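All chains are named by letter (A, B, ...) in the order of the sequence lines, taking the proteins before the strands, and each is independently numbered beginning at 1. Not measured: the values here are computed from a predicted model.
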Protein chains: 2
Amino acid sequence: MRSIIIASTSKVFGGETLDYILEDLKNHFKNTDEILFIPYARPGGISHEEYTQKVKEPFNLIDKKIIGIHEFKNPIKALKEAKGIYVGGGNTFVLVNQLYKNKCLNTLKEVVNNGIPYLGTSAGSNICGLTMSTTNDMPIVYPPSFKTLGFVPFNINPHYLDPIIGSKHMGETRETRIKEFHQFNTQPVIGLREGSYIQVKGNNITLKGNLKARIFEYKKEPYEIESNTSLNILK
Amino acid sequence: MRSIIIASTSKVFGGETLDYILEDLKNHFKNTDEILFIPYARPGGISHEEYTQKVKEPFNLIDKKIIGIHEFKNPIKALKEAKGIYVGGGNTFVLVNQLYKNKCLNTLKEVVNNGIPYLGTSAGSNICGLTMSTTNDMPIVYPPSFKTLGFVPFNINPHYLDPIIGSKHMGETRETRIKEFHQFNTQPVIGLREGSYIQVKGNNITLKGNLKARIFEYKKEPYEIESNTSLNILK
């Protein structure tokens, strides 16, 4: 049975990495002591080694060992043998580019659909949607495609940000950007605020965390949904 | 002689479209009564017709007639016959995609390099750099390449936004994003605040407007430059 956590962010304001979700992760990864970490999104451009080192700390607290995929000669084999997978945040273009370059995307999809527990945060969550086209990141590299894992039949906007009241900035709000997306694409988009996450258990998709999420459907007014709402209607 | 204006935004806070720059535009386009408008960036997803209609108003005030490139059967011929060109803002991915699709990019580059006055705002400015990789826009369509016009030998970040003091949002600041860009690319980037513009006269490139701009060079600390500073050193 599929078991996936798609989190808006790894860190909420004032907290430590993953602390707000650590109890859930203990349960999520209960069948393995070892988690394969995919550091390809390289936040701030740090190396795979540095990023993996950083991620070890929070997982230490729940007695899980983190191994970076870059430590393996063959990343596809590493994915096939993994008992748990975490894809961290950073730049979605860099992440998707590296997944394509290493031909990892199909295998990653396969093992997670076969039941290996997956955790994504930020960029690692964005790729759980149909395409990466609702990322907030800067296109600093050119990936071979924007198509991603499609664990859910919609798109994800992590770090969803409400319009800032009184802002004098003339750049587009997040809501405007997602509305523009719907001029060219028809799949729904979920705006996932920092602290929210989506849980996938088999075929059930549910909003979790303490916050509401904002739903954008093609040719509909955006609307809010409460935590613990099923997202199975979105397609 | 090349004559190019590369503006951060079409509208500054509290103002009307192009009002802050209108006097300069009168001079910039002094040799023509007619300006070819390229509405491909479609802000908010509006149609080419609607967008062109909107842009007519400010240009009316300086007695310039606006004609949309979509009104011509052959956009390449329209570019070759244009006496002045304006590329408006919206979504840079949509703009670049349409320019490639209509095979306009090379001709646009050629006529502007041969001296036809060019105005870009926002997305229309972003494409004046070497690549569109420092856009703030959402990748809602997949263009065939991120390579753009290269009127200046660096990249442009329009609507440059300083970090918001006291923000509780965990998404990357603009500065962090540009630093990430420099993990994968070496060309300089200019962060152009709303109200600033770059003027290109022949081979001279100068910062204009009332504000400072922020310069990001590969492996250097970012720094500020004053208005009226030459940008010829950036390469």
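Looking at heavy atoms from C-beta onward, A:Ile5 lies in side-chain contact with A:Ile21 at the 4.5 angstrom threshold.
At a 4.5 Å heavy-atom cutoff, the contact between B:Val12 and chain A is made by backbone atoms alone. With a 4.5 angstrom heavy-atom cutoff, B:Asn157 touches chain A only via side-chain atoms. Residue contact with chain A, scored on non-hydrogen atoms closer than 4.5 Å, involves the side chain of B:Gln183 exclusively. When heavy atoms are compared at a cutoff of 4.5 Å, B:Ile178 approaches chain A by way of both its backbone and its side chain. Residue contact with chain B, scored on non-hydrogen atoms closer than 4.5 Å, is absent for A:Ser10. Heavy-atom distances place no part of B:Lys179 under 4.5 Å from chain A, backbone and side chain included. When heavy atoms are compared at a cutoff of 4.5 Å, B:Asn136 approaches chain A by way of both its backbone and its side chain. Residue B:Phe184 touches chain A through its side chain alone, counting heavy-atom pairs closer than 4.5 Å. Looking at B:Ser8, neither its backbone nor its side chain comes within 4.5 Å of chain A, counting heavy atoms on both sides.
Judged by distance alone, the side chain of A:Lys64 and the main-chain N or O of A:Phe29 form a donor-acceptor pair under 3.5 Å. Between the A:Tyr40 side chain and the A:Asn97 main chain, no donor and acceptor come within less than 3.5 Å of each other. A donor-acceptor contact shorter than 3.5 Å is absent between the side chain of B:Asn155 and the backbone of B:Gly129.
In this view, A:Glu226 and A:Lys212, A:Thr229 satisfy the side chain to side chain contact (heavy atoms under 4.5 Å, CB included) rule, not counting sequence neighbours.
Interface remark: of the candidates B:Lys11, B:His182, B:Glu180, B:Glu180 forms the most heavy-atom pairs closer than 4.5 Å to chain A. Residue with the most contacts toward chain A among B:Leu161, B:Asn185, B:Thr176, B:Thr9: B:Leu161 (heavy-atom pairs, distance under 4.5 Å). Comparing A:Met132, A:Arg174, A:Arg42 by how many heavy-atom pairs each has under 4.5 Å with chain B, the most go to A:Arg42. When each of B:Ser122, B:Pro158, B:Ser145 is checked for heavy-atom pairs under 4.5 Å with chain A, B:Ser145 comes out on top.
How far CZ of A:Phe37 is from CG of A:Leu119: 9.5 Å, rounded to the nearest 0.5 Å.
Between A:Tyr142 and B:Phe146, the angle of the ring planes goes over 60°, which puts this pair in the perpendicular group of the 30/60° scheme. Using bins of under 30°, 30° to 60° and over 60° for the plane-to-plane angle, the ring pair A:Phe59/A:Tyr86 lands in the tilted bin. Ring-plane geometry between B:His70 and B:His48 is classed as tilted, the angle between the planes lying from 30 to 60 degrees on a 0 to 90 degree scale.
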